[in-house]
Enquirer: 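Pasting in a structure now, in structure tokens, and then I'll have a few things to ask.
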Amino acid sequence: MQQRREVFPNVIEMNQQARRRLGCCVYLVHDADEWLLMDIGYEDTLDDIIKLIREMDFPLANCKYLIATHADVDHVQALKRAKEIMPQALVVGHRAAAKLLATGERIMTYAEIAAQGISIPMPRVEFDKTIDEGDVLEVGSLKLDVWHTPGHAPAQLSFRMRDLLFSGDNIYRDGCVGNIDAHHGSDLPSFIKSLTRIRDSDVEWLLPSHGPIFRKDKQQLQETIDRLDQYQHMADFGTCAVDWPLLDEWDDELARGEPSPA
Ligand SMILES: [Zn+2]
């Protein structure tokens with residue numbers, strides 16, 4: 001038996017429970033006899049996570065949901081095996097993630113980054129149910145409101161419970177955001193909308209998918225939004241940028257016949 005180290009009432013985070021870094025944040029939310037898992041991480045760490053759950057005395061048969069916050073391999077590689085271990089648990093996530101995981105898609109999930117020699121298994125898994133903005137997941141008497149917060153990925157979901165937001169890859173404690181990458185389906189205007197929604201919400205705490213939990217800070221969110229707004233107009237982010245003012249300037253200079261260099 002291992003003492004449950006709740007980060008908030010009814011919430012356990014498996015890296016914190018283990019007191020070492022296993023991978024992405026894996027949240028266990030429980031009430032009464034029911035519990036759910038939000039993301040599950042890589043297959044390599046699944047046995048450790050299952051062992052911790054057993055040692056905390058959560059019956060595996062009482063796991064109600066296995067949630068995919070989105071389809072990135074570091075969040076969901078072990079989902080298929082977890083479902084085999086807990087067949088009664090409903091695998092849920094956004095339909096965009098369901099599509100990728102049903103086919104074992106490899107590019108948008110980051111299982112395959114050929115240029116960096118990354119190529120790892122991405123086991124196919126069928127979702128039992130897709131969830132989207134406005135849905136509510138219940139575990140015991142707790143209610144988790146589903147927020148669709150695209151930007152990092154089209155499928156990115158967040159979950160609000162009381163004054164907590166399980167915020168996925170939207171923002172981390174240092175103000176960094178989830179990877180912005182055209183091949184991943186990232187979208188800067190959507191990302192800014194999602195961050196603005198989080199900024200304007202009355203949630204107090206952000207429980208991200210990577211790194212420590214932190215207090216929501218409007219100013220930090222604003223700085224991050226401003227940074228992403230700059231990215232929208234910078235070539236640095238390739239086709240994720242919405243425009244590139246330099247080329248407009250150049251059009252004018254060319255039309256005026258200005259030599260370059262001036
Ligand atoms: Zn992530």
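Hydrogens, waters and symmetry mates play no part in the numbers below; they use all other heavy atoms, side chains included. Start at 1 and go down the list; that is how both ligands and their atoms are numbered.
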Enquirer: Identify whether NZ of Lys or CZ of Arg in Arg197 sits under 6.0 Å from the centre of the six-membered ring of Trp147 and within 45° of that ring's axis.
Expert: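 Yes, Arg197 lies over the aromatic ring of Trp147.
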
Enquirer: Under 4.0 Å between a Lys/Arg side-chain N and an Asp/Glu carboxylate O for Arg4 and Asp57?
Expert: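 Between Asp57 and Arg4 there is no salt bridge, as every charged N stays at least 4.0 Å from the carboxylate O atoms.
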
Enquirer: Are Phe8 and Trp205 an aromatic pair, judged by ring center distance below 6.0 Å?
Expert: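 Yes, the ring centres sit under 6.0 Å apart.
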
Enquirer: Hey, is Lys64 close enough to Glu34 for a salt bridge, meaning N to O under 4.0 Å?
Expert: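 Judged by the 4.0 Å cut-off on N to carboxylate O distance, Lys64 and Glu34 do form a salt bridge.
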
Enquirer: Taking only Lys NZ, Arg NE, NH1 and NH2, and the carboxylate oxygens of Asp or Glu, determine whether Asp217 and Arg199 approach each other closer than 4.0 Å.
Expert: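 No salt bridge links Asp217 with Arg199.
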
Enquirer: Could you tell me which non-hydrogen atom of Glu126 sits nearest to which non-hydrogen atom of Val91, and how far apart they are?
Expert: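 Taking every non-hydrogen atom into account, O-CB, 4.1 Å.
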
Enquirer: Please give me the protein atoms (N, O or S only) lying under 2.8 Å from the Zn ion (ligand 1), ordered by chain and number.
Expert: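 Metal shell, protein only: His75 NE2, Asp169 OD2, His210 NE2.
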
